[in-house]
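Report on the structure given below.
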Amino acid sequence: MTREFEDRASIVTGGGSGIGEACALHLAEAGSRVVVADMNLDAARRVVDMIAAKGGHGSAFRIDVSDPGAVKAMVDYTVDSYGRLDCAVNNAGIGGPLKPLADYEIDEWKHVLDVDLNSVFYCMKYEIQAMLKTGGGSIVNMSSILGTNGFANAPAYVASKHALVGMTKNAGIEYSAQGIRVNAVGPGFIKTPLIENSLDAAMQDFLVGKHPIGRLGRPEEVAALVLFLLSDKASFITGSYHLVDGAYSAQ
Ligand code: NAP
């Protein structure tokens with residue numbers, strides 16, 4: 001891998017596990033200094049140790065992304081530590097309870113929207129303010145195939161991931177002329193702790209059957225797309241949504 005991100009500073013939320021972990025490792029391997037931000041500080045530290053073991057530089061930051069004050073503190077910490085913010089992967093998210101819309105408790109609905117949607121508004125708000133000060137940057141928001149498709153019994157997740165696509169388009173329109181590119185990624189089902197811990201084997205087999213490629217995705221397959229979108233190679237790509245889904249959405 002080339003050191004294309006040398007001298008850059010990046011944030012990955014939810015960087016302690018799964019897709020976020022893979023994104024943090026890819027960014028560090030490409031030369032970026034990476035703030036690995038996660039609710040689970042031990043998990044973030046484990047990823048920072050993996051980065052250091054490969055000769056890279058990262059730091060762990062404990063955060064609940066649904067807290068706007070904490071998100072501002074994360075961005076301030078990055079700029080204080082590295083003098084700038086160039087790239088951000090707004091990835092932290094939860095699945096939420098699996099049940100139909102009318103059975104959702106109001107608090108459950110609000111919690112999923114806080115973690116999966118409002119958090120990304122907070123992240124973009126403070127990340128963009130920081131990026132404007134140094135002339136630009138690149139942001140990737142982690143949506144899902146459920147950013148355009150429905151999925152029974154996940155109404156709050158589906159609503160959040162759809163809204164992320166719209167917010168990404170708007171930010172792309174509003175900031176492209178100022179050197180900030182914003183894109184969203186739509187992974188199919190990816191074998192991460194989110195899937196392995198919340199879905200039984202029968203459900204995982206059912207999901208495999210929904211992907212014409214015949215398997216679930218791997219975190220590094222999502223990270224490869226994220227890294228491309230963050231990189232200068234994607235200089236004309238902004239305000240758009242990019243699938244990595246083994247043909248799930250092609251059906
Ligand atoms: P994961 O393995 O569960 O990793 C998510 C990480 O985010 C965990 O370390 C988790 O900590 C952390 N986190 C949860 N809530 C947080 C909060 N409020 N503030 C900060 N950190 C928080 O999940 P993943 O599968 O890699 O998913 C990452 C993103 O990809 C999510 O946005 C998800 O919706 C999206 N996505 C996933 C799939 C998939 O099939 N896996 C498909 C499409 C999109 P804890 O472990 O302590 O909860």
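Here, residue 1 is the first one in the sequence, and each next residue gets the next number. Counting starts at 1 for both ligands and their atoms, in listed order. The structure displayed is predicted, hence computed values, not measured ones. All values below were derived from every heavy atom in this structure, side-chain atoms included, with hydrogens, water molecules and symmetry-related copies excluded.
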Find all atoms of ligand 1 within a distance of less than 4.0 Å from any non-hydrogen atom belonging to [X], and give their numbers and elements.
X: Asn91; answer: 28 (C), 29 (C), 30 (O), 31 (C), 32 (O)
X: Met142; answer: 29 (C), 30 (O), 35 (C)
X: Pro193; answer: 2 (O)

**Message:** If you scan the protein for heavy atoms around atom 19 (N) of ligand 1, do you find one that is closer than 4.0 Å?
**Reply:** yes

**Nearest protein heavy atom under 4.0 Å from atom 40 (O) of ligand 1, yes or no** =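 Yes, there is a protein heavy atom closer to it than 4.0 Å.
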
**Message:** Please determine whether any non-hydrogen atom of Ser143 lies less than 4.0 Å from an atom of ligand 1.
**Reply:** yes

**Asked** For ligand 1, is Gly188 a contact, meaning one of its heavy atoms is under 4.0 Å away?
**Response**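 The answer is yes: ligand 1 sits under 4.0 Å from a heavy atom of Gly188.
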
**Message:** Can you confirm whether more than 12 heavy atoms, excluding those of Lys99, are under 6.0 Å from its NZ atom?
**Reply:**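 More than 12 heavy atoms, drawn from other residues, nucleotides or ligands, come within 6.0 Å of this atom.
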
**Asked** Gly16 to ligand 1: N or O pair under 3.5 Å?
**Response** no

**Asked** Taking both backbone and side-chain atoms of Ser144, is any N or O found less than 3.5 Å from an N or O belonging to ligand 1?
**Response** no

**Prompt:** Just checking, Arg84 and Tyr82: is the charged tip under 6.0 Å from the six-membered ring centre and within 45° of the axis?
**Reply:**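 No.
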
**Fill in**
Among non-hydrogen protein atoms, atom 7 (O) of ligand 1 lies closest to Gly14 CA, 3.4 Å

**Prompt:** Please state which protein non-hydrogen atom is closest to atom 22 (C) of ligand 1 and give its distance, to 0.1 Å?
**Reply:**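 Nearest protein contact, heavy atoms only, for atom 22 (C) of ligand 1 is Met39 CB, 3.7 Å.
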
**Request:** Give a yes or no on whether a salt bridge exists between Asp42 and Arg62, defined as a side-chain N under 4.0 angstrom from a carboxylate O.
**Result:**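 Here Asp42 does not pair with Arg62 in a salt bridge, since their nearest N and O are not under 4.0 Å apart.
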
**Message:** For Ile195, which part has a heavy atom under 4.0 Å from ligand 1: side chain, backbone, both, or neither?
**Reply:** side chain

